[in-house]
Participant: 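Once you've had a glance at the structure underneath, I'll fire off some questions.
In what follows, chains carry the letters A, B, and so on, assigned in the order in which the sequence lines appear, proteins first and then strands, with residues in each chain numbered from 1.
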Protein chains: 2
Amino acid sequence: MARRPSPSPRAAAPLPGRRVRGSATGRPVMAALDLLGRRWTLRILWELRAAPLTFRALQAACGGVSPSVLQQRLGELAEAGLVGHDGGSGYALTPLARRLMPALLALEGWAAEWAAALGRPR
Amino acid sequence: MARRPSPSPRAAAPLPGRRVRGSATGRPVMAALDLLGRRWTLRILWELRAAPLTFRALQAACGGVSPSVLQQRLGELAEAGLVGHDGGSGYALTPLARRLMPALLALEGWAAEWAAALGRPR
DNA sequence: TCCTAATGCTACGATTTTCGTAGCGCAAGG
DNA sequence: CCTTGCGCTACGAAAATCGTAGCATTAGGA
């Protein structure tokens with residue numbers, strides 16, 4: 001692992017884009033649905049579920065997402081308090097994010113049913 | 001309600017776009033994560049959870065999404081066997097999609113925790 | 001020390017997706 | 001007939017995403 005988060009004066013570069021335009025009108029579910037309904041967000045949380053990953057490992061696990069998008073999503077997730085930069089071991093889920101795991105596990109179970117139903121409607 | 005799915009001879013216009021480019025490499029979870037990780041997909045399923053909705057009602061419930069996007073998402077969801085066109089009463093969740101509800105409910109519960117944690121770290 | 005390899009992350013143009021609005025054909029109500 | 005509301009599509013503009021190249025930095029070895 002190289003490049004620890006030493007006091008490099010970067011940051012402050014919010015990356016192009018960044019808008020809210022979310023549909024989060026009121027209830028917290030909406031906000032969650034909006035945050036998780038962005039591309040790669042769910043996938044990132046899923047890949048991080050077992051162990052922390054470095055930036056590049058995470059990128060590889062997600063099938064080679066563009067580093068710019070990964071960086072943006074990671075920033076959003078960090079701002080939402082779902083991932084942290086566990087110095088040295090890369091990015092990791094926060095306890096709060098870990099409490100989302102039951103839902104993701106339920107999703108995994110459902111996905112199996114779904115695949116079975118989809119592969120055998122004939 | 002007007003406009004029942006009578007034998008109108010148009011259709012056959014699959015709408016521009018439509019690509020797969022998904023990250024679904026292997027496991028069914030990936031495919032689910034990919035499908036649900038598109039904008040509005042989760043929201044659509046959520047809004048449909050209680051009762052069927054007409055196209056326009058669904059559009060309004062989703063904060064006025066573009067009808068083109070809504071149409072595309074609805075098509076993808078229909079192709080995935082998650083929503084159906086329950087003639088007369090609009091779009092409705094299939095039994096398969098209804099089995100996804102526990103996961104969404106878990107998500108809702110988590111969202112409450114999340115909002116509480118986010119709104120009170122100060 | 002100098003070199004190599006690997007890391008986190010950014011820039012930038014190209015491609016794809018999403019948005020916003022206007023509008024068609026149709027069915028029901030008056 | 002005329003109005004209203006519906007499902008849905010077209011199309012140009014805006015935004016998100018992709019893909020690749022590359023910088024700066026660090027660790028390890030020769």
Side-chain angles (χ1 to χ4, degrees), chain A residues 1-23 34-35 37-44 52-78 83-92, chain B residues 1-23 34-35 37-44 52-78 83-92:
Chain A
M1 267 31 111
R3 191 78 221 294
R4 285 188 295 124
S6 49
S8 36
R10 53 167 155 67
L15 220 12
R18 281 331 277 287
R19 201 61 58 95
V20 181
R21 89 112 146 81
S23 41
D34 182 53
L35 174 65
R38 286 151 140 93
R39 215 182 280 270
W40 299 116
T41 314
L42 278 174
R43 178 73 175 264
I44 289 172
L53 291 178
T54 67
F55 188 94
R56 261 151 128 132
L58 188 53
Q59 183 186 7
C62 291
V65 220
S66 304
S68 34
V69 182
L70 183 56
Q71 175 61 15
Q72 177 158 343
R73 287 293 171 277
L74 246 18
E76 294 168 359
L77 286 171
V83 307
H85 210 170
D86 188 12
S89 49
Y91 291 91
Chain B
M1 279 0 124
R3 191 61 219 301
R4 284 187 296 128
S6 51
S8 37
R10 58 170 144 53
L15 216 16
R18 285 327 280 285
R19 199 63 57 97
V20 180
R21 92 116 146 72
S23 42
D34 184 51
L35 175 65
R38 285 152 140 91
R39 215 183 280 272
W40 300 115
T41 314
L42 278 174
R43 178 74 175 261
I44 289 172
L53 290 178
T54 66
F55 188 94
R56 252 111 143 166
L58 188 53
Q59 182 186 7
C62 290
V65 220
S66 304
S68 35
V69 182
L70 183 55
Q71 175 61 16
Q72 178 159 343
R73 286 294 171 276
L74 246 17
E76 293 168 1
L77 286 171
V83 307
H85 210 169
D86 186 12
S89 50
Y91 290 92

Participant: Compare the minimum distances between each of dC6(D), dA10(D), dG8(C) and the side chain of His85(A), then state the nucleotide with the smallest one.
Facilitator: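 Comparing dC6(D), dA10(D), dG8(C) against the side chain of His85(A), the answer is dG8(C).
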
Participant: I need the CG-C1' distance between Asp34(B) and dT17(C), as an integer number of Å.
Facilitator: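 Interatomic distance, CG of Asp34(B) to C1' of dT17(C): 14 Å.
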
Participant: What nucleotide among dG20(C), dT10(C), dC18(D) has an atom nearest to a side-chain atom of Pro67(A)?
Facilitator: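 Closest nucleotide among those given: dT10(C).
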
Participant: Can you list every pair that meets salt bridge (charged side-chain N to carboxylate O under 4.0 Å, His left out) and has a residue in residues 64-73 of chain B, with sequence neighbours left out?
Facilitator: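 Of all non-adjacent pairs touching residues 64-73 of chain B, those that pass salt bridge (charged side-chain N to carboxylate O under 4.0 Å, His left out) are Arg73(B)-Glu76(B).
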
Participant: Of the listed nucleotides (dC19(C), dT7(C), dA21(D)), which one gets closest to any side-chain atom of Thr54(A)?
Facilitator: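 My answer, after comparing the listed nucleotides, is dT7(C).
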
Participant: What integer distance in Å separates Leu74(A):CG from dT17(D):P?
Facilitator: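 Going from Leu74(A) (CG) to dT17(D) (P), I get 14 Å.
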
Participant: Using a 3.5 Å distance criterion without hydrogens, assess whether the side chain of Ser66(B) forms a donor-acceptor pair with backbone atoms of Val69(B).
Facilitator: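 The answer is no, because no donor-acceptor pair under 3.5 Å joins these two groups.
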
Participant: Examine dC8(D): is either OP1 or OP2 under 4.0 Å from a nitrogen or oxygen in the side chain of Tyr91(B)? Give yes or no.
Facilitator: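 For dC8(D), OP1 or OP2 has a side-chain N or O of Tyr91(B) closer than 4.0 Å.
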
Participant: Is there side-chain contact between Leu77(B) and Tyr91(B), with at least one heavy-atom pair below 4.5 Å?
Facilitator: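 The answer is no, as the side chains (C-beta and beyond) never meet within the 4.5 Å cut-off.
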
Participant: dT18(C), dG7(D), dT20(D): which one has an atom nearest the side-chain heavy atoms of Arg39(A)?
Facilitator: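 Of all the options, the side chain of Arg39(A) is nearest to dT18(C).
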
Participant: Side chain of Phe55(A) only, please: which of dC8(D), dG8(C), dT18(C) is the nearest?
Facilitator: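 Nucleotide nearest to Phe55(A)'s side chain: dG8(C).
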
Participant: Measure CD/Gln72(A) against C1'/dC12(C) and give the value in whole Å, please.
Facilitator: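 Going from CD in Gln72(A) over to C1' in dC12(C) covers 15 Å.
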
Participant: Can you tell me if the side-chain N/O atoms of Gln71(A) get under 4.0 Å from OP1 or OP2 in dG8(C)?
Facilitator: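 Gln71(A) to dG8(C) OP1/OP2: no side-chain N or O under 4.0 Å.
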
Participant: Is Ile44(A) close to Leu70(A) at the side-chain level, that is, under 4.5 Å between some pair of heavy atoms?
Facilitator: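 They are in side-chain contact.
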
Participant: Mind calculating the distance between CG (Leu70(A)) and C1' (dT10(C)) to the nearest angstrom?
Facilitator: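 Value for this atom pair: 13 Å.
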
Participant: Closest-nucleotide mapping onto DNA chain C: is Arg73(B) or Gln59(B) further toward the 5' terminus? I mean the 5' end.
Facilitator: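 The 5'-side residue here is Arg73(B).
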
Participant: State, to 0.1 Å, how close Gln59(A) and Pro67(A) come at their nearest heavy-atom pair, and which atoms those are.
Facilitator: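 Result for this residue pair: NE2-CD, 3.5 Å.
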
Participant: Relative to the 5' end of DNA chain C, which residue comes earlier, Gly64(B) or Arg56(B), by the nucleotide with the nearest heavy atom?
Facilitator: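 Nearest nucleotide further toward 5': that of Gly64(B).
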
Participant: When you measure from the side-chain N and O atoms of Trp40(B) to the phosphate of dC19(C), is any distance below 4.0 Å, counting only OP1 and OP2?
Facilitator: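 So the side chain of Trp40(B) is within the cut-off, an N or O lying under 4.0 Å from OP1 or OP2 of dC19(C).
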
Participant: Atom CZ of Arg43(B) to atom C1' of dC19(C): distance rounded to whole Å?
Facilitator: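 Whole-Å distance recorded here is 16 Å.
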
